[in-house]
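Input: a single structure, listed below in structure tokens.
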Protein chains: 2
Amino acid sequence: MSNKDERNSISEVTWDDYMPGISIDCVIFGYHKKELKILVLEYKKSGIFALPGGFLRKNEELKDATERVLFERTGLSDIYLNQFHTFGSLKRADTKPMQSVLKKNQVPFEENHFLLQRFVSVSYYALVDIKRVEPVADELSDSCKWYDTDTLPPLMLDHREIFETALKHLRNNINRNVVGMNLLDESFTMGELQNLHETILSEKLNRTGFHRKMMLSGRLKRLGKKKTGKAHRSPFLYKFLDA
Amino acid sequence: MSNKDERNSISEVTWDDYMPGISIDCVIFGYHKKELKILVLEYKKSGIFALPGGFLRKNEELKDATERVLFERTGLSDIYLNQFHTFGSLKRADTKPMQSVLKKNQVPFEENHFLLQRFVSVSYYALVDIKRVEPVADELSDSCKWYDTDTLPPLMLDHREIFETALKHLRNNINRNVVGMNLLDESFTMGELQNLHETILSEKLNRTGFHRKMMLSGRLKRLGKKKTGKAHRSPFLYKFLDA
DNA sequence: CTTTATTGTTACATAATGTAACAATAATAG
DNA sequence: CTATTATTGTTACATTATGTAACAATAAAG
């Protein structure tokens, strides 16, 4: 199960192998106990928090680069990915946070260090099964952890805006089954699916209407019943038909 | 009315002032006589067609750069703009078409000429009133013209894919009033609005249903009647309330 | 066996949408 | 002036989707 060693193996690659000016940022959503969470990095002792990100190699497809970044942080390689926006504000040109990070890491750097430039960030959101993820921090960070989206720490640069834009797109996307397929177990009860929708939308939904809509959508297959051990009728299990 | 002289004034700016590796491509939609059109550049005598595009200056906001590009091609500065996707395929790294363009233009170039690199393209679509546009070609092109989207010439690199993705996003966006607001005159009849929707969607719509839906949406204001000179009841004029 | 909690189902009201018919009216032809 | 024609605005009704409440089923606990 553990592939942490293989990850972060950028040793043979130098900054020269990367496209300048282009970065990739990822909002990695997970779901557990009625809470929507994202992965956040904390840079070593600097109190600076950031979204997981990376850069594009000169001979690499944009999507492949994103999958590589995601693999390095999560250990997963079959992840649902959605490119939702590219951020190019001049606010992003402020290199002070990254200078502070490099100092804290005692990395010697010149003014023209690769990390100290303006990056235009192509941003993706990802949906993952939180139980399959083994978060690993990158070289400059000492933690990569799940944070409840309701209580995020202050994020560096425009990363808060990136997260909020991602959430907006996720909410618009919630009717596609990929959302359930990647955030829930393979099989789930109708109640669990409704809880997921309510958490993402921050809105209570009507039980009967939700049930009917899901069944009429034709995207669910009903499996057997699930013994919950609770004192009431046992619910059916469902799974998504492939998109 | 003519501001063609002020446009294309990049004389004081050198390639050094631009971010490397990042380009901006624009799908500029217009509408005339039940036809959806886009602006396409033809490079001088090379038979190579491309979407209007440009580059991002080092001290420039991404959106400002796009508005600058649009102003240079159309002369308009108050344009509806939507960033819909960023294209980073390795297919884009093929510099042969651009080399051919430079040769045809008798521009001497080295292998490391700014235009001969891999660009990641941040792409926008724009909606404009075709009557207000005075298309102007750039230095390397000899024409910038409207083409019916049903009969586009073959486009360079992945520009065909960029156009198709833009059209998909426009179709999803058609219910926002910006679509009508920027592609039609300020006031229009219900029939003209329906024709626009049908053209964009490539689909016949029901007249009664369309009329009712538009009126119930609360986004239209009914003005006076319009004399058409035709032998039938004269239609009302409508305008969009501000979004 | 009764109670309790939650799920599945049915029923009915309301709203949205599809479709057809009809009424209004501006120009034209006689 | 009247009838005709073409297109628009409106109304009516059927169909479908959605909101809401009531009821039936049932697994565990008392």
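Below, read A as the first sequence line, B as the second, and so on, with proteins coming before strands; counting in each chain starts at 1.
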Inset, instruction - Starting from the 5' end of DNA chain D, give me the residue, B:Lys230 or B:Arg222, whose nearest nucleotide shows up first. - result: B:Lys230
Inset, instruction - Working to the nearest 0.5 Å, report the span between CD1 of A:Ile48 and CG of A:Leu157. - result: 9.0 Å
Legend entry - Most 5' of A:Asn206 and B:Ser234 on DNA chain D, judged by nearest nucleotide: B:Ser234
Inset, instruction - Under the ring-ring contact (aromatic ring centres under 6.0 Å, His included) rule, what do A:Phe240 and A:Phe188 come out as? Steps first, then yes or no, please. - result: CA-CA 9 Å; A:Phe240 278 107; A:Phe188 46 85; 5.2 Å; yes
Inset, instruction - Ignoring backbone atoms, establish whether B:Thr208 has a side-chain N or O less than 4.0 Å from OP1 or OP2 of C:dT19. - result: no
Inset, instruction - Would you mind telling me which of C:dA26, D:dG9, D:dT18 lies closest to the side-chain atoms of B:Pro235? - result: D:dG9
Inset, instruction - Find the distance B:Met215:CE to C:dA16:P and express it as a whole number of Å. - result: 16 Å
Legend entry - Between C:dG8 (P) and A:Leu193 (CG): distance, integer Å: 12 Å
Legend entry - Any B:Tyr238 side-chain N or O less than 4.0 Å from OP1/OP2 of D:dG9: yes
Legend entry - Rounded distance (Å) that lies between atom C1' of D:dT7 and atom NZ of B:Lys225: 12 Å
Legend entry - For atom CE of A:Met190 and atom P of C:dG8, their distance in whole Å: 7 Å
Legend entry - Whole-Å gap separating C1' (D:dG9) and CG (B:Leu220): 15 Å
Inset, instruction - Indicate, with a heavy-atom threshold strictly under 4.0 Å, whether A:Gly229 touches base, sugar-phosphate, or nothing. - result: sugar-phosphate
Inset, instruction - Indicate the atoms forming the closest heavy-atom contact of B:Leu56 with B:Glu60, along with that distance. - result: CD1-O, 3.3 Å
Legend entry - B:His232 side chain near C:dA26 phosphate (N/O to OP1/OP2, under 4.0 Å): no
Inset, instruction - May I ask you to verify whether the side chain of B:Arg233 and the base of C:dT25 hold a donor-acceptor pair under 3.5 Å? - result: no
Legend entry - Length of the NZ-P vector between B:Lys213 and D:dG9, whole Å: 18 Å
Legend entry - Within the 6.0 Å centroid threshold, strictly below: B:Tyr125 and B:Phe163: no
Inset, instruction - Look at the side chain of A:Arg212 against the base of D:dG19 and say whether a donor-acceptor pair falls under 3.5 Å; ignore hydrogens and angles. - result: yes
Inset, instruction - Work out which heavy atom in A:Pro52 is nearest to a heavy atom in A:Arg73; give both atom names and the distance. - result: CB-CG, 3.8 Å
Legend entry - Side chain A:Arg207 and base C:dG8 donor-acceptor under 3.5 Å: yes
Legend entry - Atom pair distance, as rounded to whole Å: CG in B:Leu237 and P in C:dA26: 14 Å
Legend entry - Nucleotide D:dG19, atom P - distance to CE of A:Met214 in whole Å: 12 Å
